[in-house]
Amino acid sequence: MQSKHAGGVGKMQTAVIKEFFKQSDKYLGGKIRVDGWVRTVRVSKTFGFIELNDGTFFANLQVVFEESLGNFTEVAKLVTGSAITVEGELVESPGAKQPFELKAENIEIMGTCAPDYPLQKKRHTFEFLRTIAHLRPRTNTFAAVFRVRSLAAYAIHQFFQERDFVYVHTPVITGSDAEGAGEMFRVTTLGFDKTPRKEAGQVDFTRDFFGRETNLTVSGQLEAETYCLAFGRVYTFGPTFRAENSNTPRHAAEFWMIEPEIAFADLKDDMNLAEAMMKYVIGYVLENAPEEMDFFDKFIDKSLLARLENVLKSHFGHVTYTEAIDILKNSPEKFEYPVEWGCDLQTEHERYLAEKHFQKPVFVTDYPKQIKAFYMRMNDDQNTVAAMDLLVPGVGEIIGGSQREERLDYLEQRLADLGLNREDYWWYLDLRKYGGTKHAGFGLGFERLIMYLTGMSNIRDVISFPRTPKNAEF
RNA sequence: UCCUCGAUAGCUCAACGGUAGAGCAUCCGGCUGUUAACCGGAGGGUUGCUGGUUCGAAUCCAGCUCGGGGAGCCA
């Protein structure tokens, strides 16, 4: 990649550290200028070393400076976190830990760093770093996490765009409060002191901003289906909000979700899409962030690379809910919760299936209708629905999807059975009246994908500023 | 929301009923190739908050707040 800053041959070249590592031949022996932040300084009486990072590359550039420097005393006093611009010659390094280093001829101090800077050059706990979420992207782990996150987002867009999917922006504010996917955050401009009431005492939402009750979306799926039945293949990728009081390493109140929806497609097509997408993203990240992935493998999860590479080579497992119940019943494992057909699978059951029995990602399909949402397509047995969950080792449920019920009479019956108001779904039901066809889709929790890709074990450490119960700092 | 464990210097931890310590970080000094550099010195604390027991509480008890792990809900 040619830097937009790169100058002509023989002149001083300003470039980013990534380029020195990717094309060191081009720069070795030449004069360069580089901007960055000090990660650590090691100084002696007449010379010193600076580890410089400019955010473009995982590794640091070692800068060597000597007494001849005009501002040697000031440079020698630099502390971790300072911003500097260095000019000098890029030379081969005699040290064992880096191939080359920058022999400084001039160091300009662009921004000093106060001595109470909380980041040290030793290891911090993730719990502490969460309290300084504005500074943590400067650490190795978070630099790696958020570069992988960026690459994974790009890979997802690329995967769908290459396959002619249309990216749909579904609304963040929704008027539908009956999507059944959990507690919602209310959106209102009504005052708290004198909330308008109707005669019976309930809040009068006709006087609210939208003239009706509105909430933050818990899923873009129903809206995505409308565009699916126009474009054939669509996907959403945006923020999602759940007001559940969930206190776990896998839940956040604000998270990002990817929801593809495909027309003229059944559950099998849906699972094939999900598997292809997962493999595409894994492959893309392994190829484009090798330094970051090596770091995770070394310091975060020692079996990460082996596991991801194995996933690329193997086919995902497939098992029906009914078969899964049999596997669990016949397993030697002692479960805390009893296994019975009709009960939802507990976390311990899901973990056993993904981590012990299959030891790779596995689709569980055809769940009892009682434990799944109204829009999932009824199977011929009238007892199970065409649903699928993808379980992955270490994270658990990462995808939930289904073939949608396209038969109007079946769908109306399901709404009635669940006590849902038919009028609230008038436009959703219209899709079944006007050219309805079989279609399917799924929801992928983006943060859970990042956890799976990096080996990070807490969702709060894979999203820039996590929102969880009792925490919305920053 | 439930169960469980925890909160001591900026950070990571020790002290477990009797004067609150160490390593790292910071500041000062030393050191001619360092790699979480090294060596010497200094400053730094209402022991999460409120109350209780005790001659005496970081330590024991109660409540609260916040955090970790597990569970539920789910992505």
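To find a chain, count down the sequence lines: A is the first, B the second, and so on, and within it residues start at 1. Just so you know, these numbers use all the heavy atoms, side chains as well, and skip hydrogens, waters and symmetry mates.
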Round to a whole Å and report the spacing from CD of A:Glu66 to C1' of B:U32.
-> 9 Å
What does A:Glu254 touch in the nucleic acid at a heavy-atom separation under 4.0 angstrom: a base, only the sugar-phosphate, or nothing?
-> nothing
Determine the Euclidean distance between corresponding P atoms of B:U54 and B:A9; express it in Å to zero decimal places.
-> 30 Å
Within the modelled atom types, does a donor on one side and an acceptor on the other bring the side chain of A:Ser246 and the base of B:C74 under 3.5 Å apart?
-> no
In terms of side-chain heavy atoms of A:Arg42, which of B:U26, B:U12, B:U34 is nearest?
-> B:U34
Checking all strands, does A:Ile399 fall into the base, sugar-phosphate, or nothing category for heavy-atom contacts under 4.0 angstrom?
-> sugar-phosphate
Of the listed B:G33, B:U12, B:C73, the closest approach to the A:Thr125 side chain comes from B:U12
Distance check: side-chain N/O of A:Arg460 vs OP1/OP2 of B:G68, anything under 4.0 Å?
-> yes
What interatomic distance, in whole Å, is found between P of B:A62 and the corresponding atom of B:C28?
-> 48 Å
Give one of base, sugar-phosphate or nothing for A:Gly443, where a contact means two heavy atoms less than 4.0 Å apart.
-> sugar-phosphate
Which nucleotide, B:U32, B:C74, B:C73, lies nearest any side-chain atom of A:Thr46?
-> B:U32
Proximal nucleotide (of B:A71, B:A75, B:U12) relative to the A:Phe128 side chain | B:U12
base_contact_polar (B:C74 base, A:Arg448 side chain, donor-acceptor, <3.5 Å) = yes
Among B:G72, B:G68, B:U34, find the nucleotide with the atom closest to the side chain of A:Gln62.
-> B:U34
Hey, is the side chain of A:His251 pairing donor to acceptor with the base of B:C74 inside 3.5 Å?
-> yes
Could you give the CZ-to-P distance, from A:Phe47 to B:U32, as a whole number of Å?
-> 7 Å
Does A:Gln120 get its side chain close enough to the base of B:U26, under 3.5 Å, for a donor-acceptor pair?
-> no
Hey, is A:Phe255 stacking on B:A75? Ring centres under 5.5 Å, planes under 30°.
-> yes
Give the rounded distance in Å between these two atoms: CD of A:Glu473 and C1' of B:C66.
-> 13 Å
Which part of the nucleic acid does A:Pro94 contact within heavy-atom distance under 4.0 Å: base, sugar-phosphate only, or nothing?
-> base
Both distances under 3.5 Å, Watson-Crick or G-U wobble: report the partner of B:C60, or none.
-> B:G52
Base partner of B:C24, which must satisfy Watson-Crick or wobble distances under 3.5 Å = B:G10
For atom P, what is the distance between B:C74 and B:G63, given to the nearest Å?
-> 32 Å
Is any side-chain N or O of A:Arg242 under 3.5 Å from a base N or O of B:A75, one able to act as donor and the other as acceptor?
-> yes
Watson-Crick or G-U wobble partner of B:C38, both distances under 3.5 Å = B:G30
B:U26 base / A:Asp116 side chain donor-acceptor hit below 3.5 Å = no
Return yes if the base of B:G72 and the side-chain atoms of A:Glu244 contain a donor-acceptor N/O pair under 3.5 Å, otherwise no.
-> no
Flag if over 12 foreign heavy atoms under 6.0 Å of NZ, A:Lys268 = no
Report yes if a side-chain nitrogen or oxygen of A:Asn247 is closer than 4.0 Å to either non-bridging phosphate oxygen (OP1 or OP2) of B:A71; otherwise report no.
-> no
Rounded to whole angstroms, how far apart are NZ on A:Lys121 and C1' on B:A36?
-> 7 Å
Would you tell me if any nitrogen or oxygen in the side chain of A:Lys97 comes within less than 4.0 Å of OP1 or OP2 on B:U35?
-> no
B:A71 pairs with, by Watson-Crick or G-U criteria that keep both distances under 3.5 Å = B:U1
